[in-house]
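So the structure is just underneath, and the comments pick up after that.
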Amino acid sequence: MRELRHYLGRDDLKFIYYVKPESSGDLGGRDAVESMKAAYFLDKPDALCVAGPVAGKKSDAQLMARVREAFPDSVIFANTGVNPNTIEELFTYANAAFVGTYLKKDGVFENAVDPERVKRLMDQANQLRK
């Protein structure tokens, strides 16, 4: 990855690898954590991302716990379904989150961002930090 960053002229570029992208499965039936071990060793990604089944559905906390155990020093992102009701459980394992659907008006992905929803989520996140 170091060479790719340099080739792109972006030595500051960060690479985040999905352990198992949303709406995906392994055709060979391989375990997601076991599959990630080789990529993690070879590429040394800056962070790992754990998703749920689809946008808006909670990230797989059981998978995230396994990822945390297998890669204890990695930065882990929760990728889907982060909201005030799920953030405490997900942040047991995750360091950060990508949030989309919850922040939108009425929780509809295509809608504009709702400032009140942003405030609710950030208030909950800040409480967890204390």
Mind listing the closest non-hydrogen atom pair of [X] and [Y] along with its distance?
X     : Y      : answer
Ala94 : Ala78  : CB-N, 3.9 Å
Val82 : Leu121 : CG1-CD1, 4.4 Å
Ser59 : Leu90  : O-CD2, 3.7 Å

Hey, quick one: are [X] and [Y] part of the same hydrophobic cluster, counting side-chain heavy atoms closer than 4.5 Å, chains of contacts allowed?
X      : Y      : value
Ile16  : Leu4   : no
Val108 : Tyr102 : no
Val19  : Tyr93  : yes
Phe91  : Val118 : yes
Tyr17  : Met64  : yes

Q. Under a 4.0 Å N-O cut-off, is there an ion pair linking Glu34 with Lys37?
A. yes
Q. Excluding sequence neighbours, so at least two apart, what forms ring-ring contact (aromatic ring centres under 6.0 Å, His included) with Phe71?
A.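 Phe71: ring-ring contact (aromatic ring centres under 6.0 Å, His included) contacts with Tyr40.
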Q | salt bridge (charged side-chain N to carboxylate O under 4.0 Å, His left out) assessment of Arg5 paired with Asp12 | A | CA-CA 7 Å; Arg5 288 178 177 123; Asp12 61 338; over 6 Å; no
Q) Counting only heavy atoms not in Phe109, do more than 12 fall under 6.0 Å of its CZ? A)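 Atom CZ in Phe109 is not crowded, with 12 or fewer foreign heavy atoms closer than 6.0 Å.
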Q.
So, taking the atom named CG in Leu48 and the one named NZ in Lys20, what distance separates them when rounded to the nearest 0.5 Å?
A.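 One finds 15.5 Å between CG of Leu48 and NZ of Lys20.
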Q: Using atom types as modelled and distance alone, determine if a side-chain donor or acceptor of Asp46 lies under 3.5 Å from a backbone N or O of Phe15.
A: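 Answer holds: yes.
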Q | Heavy-atom donor-acceptor pair, Asp43 side chain to Pro45 backbone, under 3.5 Å | A |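 Not a single qualifying donor-acceptor pair exists.
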Q: Apply the test side chain to side chain contact (heavy atoms under 4.5 Å, CB included) to residues Val50 and Asn79: give CA-CA distance (whole Å), side-chain angles for both, the deciding distance (0.1 Å), then the verdict.
A: CA-CA 6 Å; Val50 177; Asn79 185 57; over 6 Å; no
Q | Cation over ring face, Lys44 and Phe41, 6.0 Å, 45° | A | yes
Q) Can you list every pair that meets salt bridge (Lys or Arg N to Asp or Glu O under 4.0 Å) and has a residue in residues 49-61, with sequence neighbours left out? A) Lys58-Glu89
